[in-house]
Amino acid sequence: MNKLMLGNEAFARGLYEAGCRIVSSYPGTPSTEITEEAAKYDEMYAEWAPNEKVAMETALGASIAGARSFCGMKHVGLNVAADPLYTAGYTGVNAGMVIAVADDQGMHSSQNEQDSRHHAIASKVPMVEPSDSAEVKDFVKLAYDLSEKFDVPFIVRMSTRVAHSQCLVEMADRVDNGLKEYKKDPQKFVMVPAFAKKRHVVVEERTKQLIEYAENCPFNRVEISDTAEFGVITNGAAYQYVKEALGDRASVLKIGMVNPMPVKLIQDFAAKYETVYVIEELEGIIEEHCRSIGVNNVKGKEIFGYIGELHQDVIAEKLLGEKKEYVELDENIPIRPPVMCPGCPHRGLFYCLKKLGVYVSGDIGCYTLGASAPLNAIDTTICMGASISGLHGFNKARGGEYEHKAVAVIGDSTFMHSGMTGLVNIAYNDSNSTVIILDNSITGMTGHQQNPTTGKNLKGDPAYAVDLEALCRSLGIKRVRVTDPYNLAQTEAAIKEELAADEASVIISRRPCALLKYVKHNPPLKVNADKCVGCKMCMQLGCPAISIKDGKAVIDHTQCVGCGICQEQCKVGAIE
């Protein structure tokens, strides 16, 4: 039976068919749906971990115990999990272990555009890269077999396009060989220097074996065209663009095993053509490998560059000189930047921060939209958890009055991910810093996943809920208070009081996400045009439900959830 599947859905199917038993991940676009889909198969235990490092360590522990395991994350999540990844390359596995890392070429939902192939190369862990949903499932299943054969975790590199595009996938039955026997083996799994030195020898020998395997493996494929004008070496989503743009005018070497890569296979292919174009997104890793093995008739990054996604039209224009004509509209269509939703609990808090003119050390989440106009309330956003550590550094560097003019903001899920250690640092090193935890009772940005503070697990079953107030106090913060961001006066007063204090403090801005199904909203508000003076004070909130028409404020009743902060903002009582 064939089924139309997203790449991420096919990945979960591959886990199921391969007999995976343990799944532990942290949500991150574009990888999130893999684990959500995996949770639908009762034969696999699936969970959200507090962060990617914990997820990978959990998966490795399950592998050592004898269960095929999986952990998934986006590209920046692999940075968090790099510590166990690099050592897992030394220890190897017992049962097969597969890691999904989803790169985000074009930065559709990410703070950088890094190429995860670098991590695979540096950790000497094999990586394969499928080009469509059917390959995703097949690659995952084969990766488990090879993980056990070569005694190493296998990374499957996804991308936004492959993860979120569809094609037909052939279904197969699940094959579960049960738990492998666990045998105590300190020299393999206890990475003290004496044992690790011996394991490094194993790693280098394994790499040689993997290179030999790559020469004639099902991941790599040569497609010769009798009418080819040149050769192309490509991988991942770029393969799809190449086939559509060039057709039979190019022979193609599709690299599915991107670490380690073959040598003779590439040399033999390149020898057939005067010029070979390497078409890959982001870094020139295949191109550099070609030159390192003496293949110098390649061209790549000087033509296609290092930035963003590729496209069929770009390839056709660069290599064939065929420029596609587009119809241009005379109208100037305004852009629609992402904004916080109507009723978003973060809006009121950010308005108060902007009003008070404080420095805001921001973090990763939907609340990062507080940096956008008209709020413009965030000064920095680096990576998950960096808001708290960054505020500590800022205050230690500037000190004095700046300690009373700066805050950090971080979401409840992000605080559990990597914010706690930053707060410990503030308490331990006597930092006069104010941290605001934006508790919207969910992991919002990636699509409403549960986290350790919500009281539910991945499947929605009741689970232990971390008490944020008690946790902050246990970490050494004496001043901890809760405020409702829908109450602007209360929120502003809380911020002023905590900034004025001469010790560390935490404000928990608590109000559930307006999009949660269980949240009951008030009736929509409306503007009394006779009272409205057109002052545009309500527009300063940046609520998409409010606009100006004929000099008067107008509220779209289809969007308004009756949160009421615009009523607090209106000085003439025009909003009813």
Side-chain angles (χ1 to χ4, degrees), residues 5-6 8-28 31-74 77-78 80-81 84-85 88 91-102 136-137 139-141 143-145 147-148 153-156 158 171-182 189 413 416-417 442-443 446-466:
M5 283 186 161
L6 289 171
N8 283 348
E9 188 181 1
F11 202 119
R13 182 69 191 186
L15 298 177
Y16 168 77
E17 293 182 9
C20 177
R21 286 173 165 240
I22 304 294
V23 173
S24 184
S25 305
Y26 184 81
S31 72
T32 306
E33 298 88 354
I34 299 174
T35 302
E36 290 179 329
E37 291 295 324
K40 296 177 182 178
Y41 296 100
D42 292 336
E43 295 86 347
M44 296 187 288
Y45 167 79
E47 68 177 24
W48 289 129
N51 65 30
E52 295 88 355
K53 181 177 186 290
V54 172
M56 187 169 292
E57 291 160 349
T58 299
L60 182 57
S63 166
I64 293 170
R68 284 192 167 185
S69 64
F70 166 77
C71 63
M73 61 206 71
K74 68 184 297 177
L78 193 56
V80 179
L85 171 67
T91 65
V93 299
N94 183 15
M97 177 178 167
V98 168
I99 302 161
V101 58
V136 168
K137 196 203 76 165
F139 279 26
V140 168
K141 293 175 70 174
Y144 272 112
D145 294 338
S147 174
E148 293 171 355
F154 257 69
I155 304 173
V156 179
M158 299 287 282
M171 302 291 98
D173 294 333
R174 176 176 170 87
V175 177
D176 188 349
N177 295 319
L179 285 171
K180 293 187 68 176
E181 181 184 2
Y182 167 71
F189 291 115
S413 179
M416 299 307 301
H417 177 282
I442 205 70
T443 307
T446 49
H448 286 181
Q449 289 77 35
Q450 305 297 332
N451 68 65
T453 72
T454 64
K456 294 182 180 180
N457 62 20
L458 170 56
K459 292 200 172 187
D461 298 327
Y464 172 76
V466 171

Problem - Where G72 and S31 come nearest, the two heavy atoms and their spacing - result: C-OG, 4.4 Å
Exercise for the section: Could you tell me which residues satisfy side-chain hydrogen bond (donor to acceptor under 3.5 Å, both in side chains) with K180, sequence neighbours excluded, listed by chain and number? Expected result: none
Problem - Shortest non-hydrogen separation from A38 to A12 and the atoms involved - result: N-CB, 3.6 Å
Exercise for the section: State, to 0.1 Å, how close A65 and N94 come at their nearest heavy-atom pair, and which atoms those are. Expected result: C-ND2, 4.2 Å
Exercise for the section: Answer yes or no: is there a side-chain heavy-atom contact under 4.5 Å between M73 and V80? Expected result: no
Problem - Stepwise salt bridge (Lys or Arg N to Asp or Glu O under 4.0 Å) test for E43 and R174 - result: CA-CA 9 Å; E43 295 86 347; R174 176 176 170 87; 5.4 Å; no
Practice task
Could you tell me whether the side chain of L60 reaches within less than 4.5 Å of the side chain of M97, counting heavy atoms only?
Solution key: yes
Practice task
Would you mind reporting whether V93 and P153 have side-chain heavy atoms less than 4.5 Å apart?
Solution key: yes
Handout entry: Backbone N/O of N451 and side chain of T454: donor-acceptor pair under 3.5 Å
Key = yes
Practice task
On the 0 to 90° scale, with breaks at 30° and 60°, tag the F11-F70 ring pair as parallel, tilted or perpendicular.
Solution key: tilted
Practice task
Keeping the roles fixed (side chain from S63, backbone from A95), state whether a donor-acceptor pair exists under 3.5 Å.
Solution key: yes
Problem - Interatomic distance, H448 atom NE2 to T443 atom OG1 [nearest 0.5 angstrom] - result: 9.0 Å
Practice task
Could you tell me whether the side chain of K141 reaches within less than 4.5 Å of the side chain of R13, counting heavy atoms only?
Solution key: no
Exercise for the section: Flag the pair N8 / E36 as yes when at least one side-chain heavy-atom distance between them is below 4.5 Å, and no otherwise. Expected result: no
Exercise for the section: Any chance you could lay out the side-chain contact (heavy atoms from CB on, under 4.5 Å) test for L15 and I34, step after step, and finish with the verdict? Expected result: CA-CA 9 Å; L15 298 177; I34 299 174; 4.3 Å; yes
Problem - Euclidean distance, E52 CD relative to I99 CD1, rounded to 0.5 Å - result: 12.5 Å
Handout entry: Check against side-chain contact (heavy atoms from CB on, under 4.5 Å), L179 and R21
Key = CA-CA 9 Å; L179 285 171; R21 286 173 165 240; 3.8 Å; yes
Exercise for the section: Could you pull out the closest heavy-atom pair between A49 and Y26, with the gap in Å? Expected result: O-CD1, 3.2 Å
Exercise for the section: Working to the nearest 0.5 Å, report the span between CZ of R68 and CD1 of I22. Expected result: 14.0 Å
Practice task
Considering non-hydrogen atoms only, spot the tightest contact between A10 and V136 and give its length.
Solution key: C-CG1, 4.1 Å
Exercise for the section: Take V101 and K74 through the side-chain contact (heavy atoms from CB on, under 4.5 Å) test and state the conclusion after the steps. Expected result: CA-CA 5 Å; V101 58; K74 68 184 297 177; over 6 Å; no
Exercise for the section: Without swapping roles, check the side chain of N51 against the backbone of M416 for a donor-acceptor pair under 3.5 Å. Expected result: no
Exercise for the section: Evaluate the side-chain proximity of L85 to I155: yes if any heavy-atom separation is below 4.5 Å, no if none is. Expected result: yes
Handout entry: Side chain K459, main chain A39, donor-acceptor under 3.5 Å
Key = yes
Practice task
Kindly check if the number of other-residue, nucleotide or ligand heavy atoms within 6.0 Å of CG (D461) is above 12?
Solution key: yes
Handout entry: Test item: Y16 side-chain N/O and D42 main-chain N/O as donor-acceptor pair under 3.5 Å
Key = no
Handout entry: Partners meeting side-chain hydrogen bond (donor to acceptor under 3.5 Å, both in side chains) with T446 (sequence neighbours left out)
Key = Q449
Handout entry: From E9 atom CD to E37 atom CD, the distance as rounded to the nearest 0.5 Å
Key = 4.5 Å
Practice task
Side-chain contact test, heavy atoms from C-beta onward, threshold under 4.5 Å: evaluate it for V156 versus V98 and give yes or no.
Solution key: yes
Exercise for the section: First locate atom SG of C71, then atom CD of E47, and finally report the distance between them rounded to the nearest 0.5 Å. Expected result: 10.5 Å
Practice task
State, yes or no, whether a side-chain contact exists between T32 and W48 at a heavy-atom distance under 4.5 Å.
Solution key: yes
Exercise for the section: With sequence neighbours excluded, tell me which residues meet ring pair (Phe, Tyr, Trp, His ring centres under 6.0 Å) with F189. Expected result: none
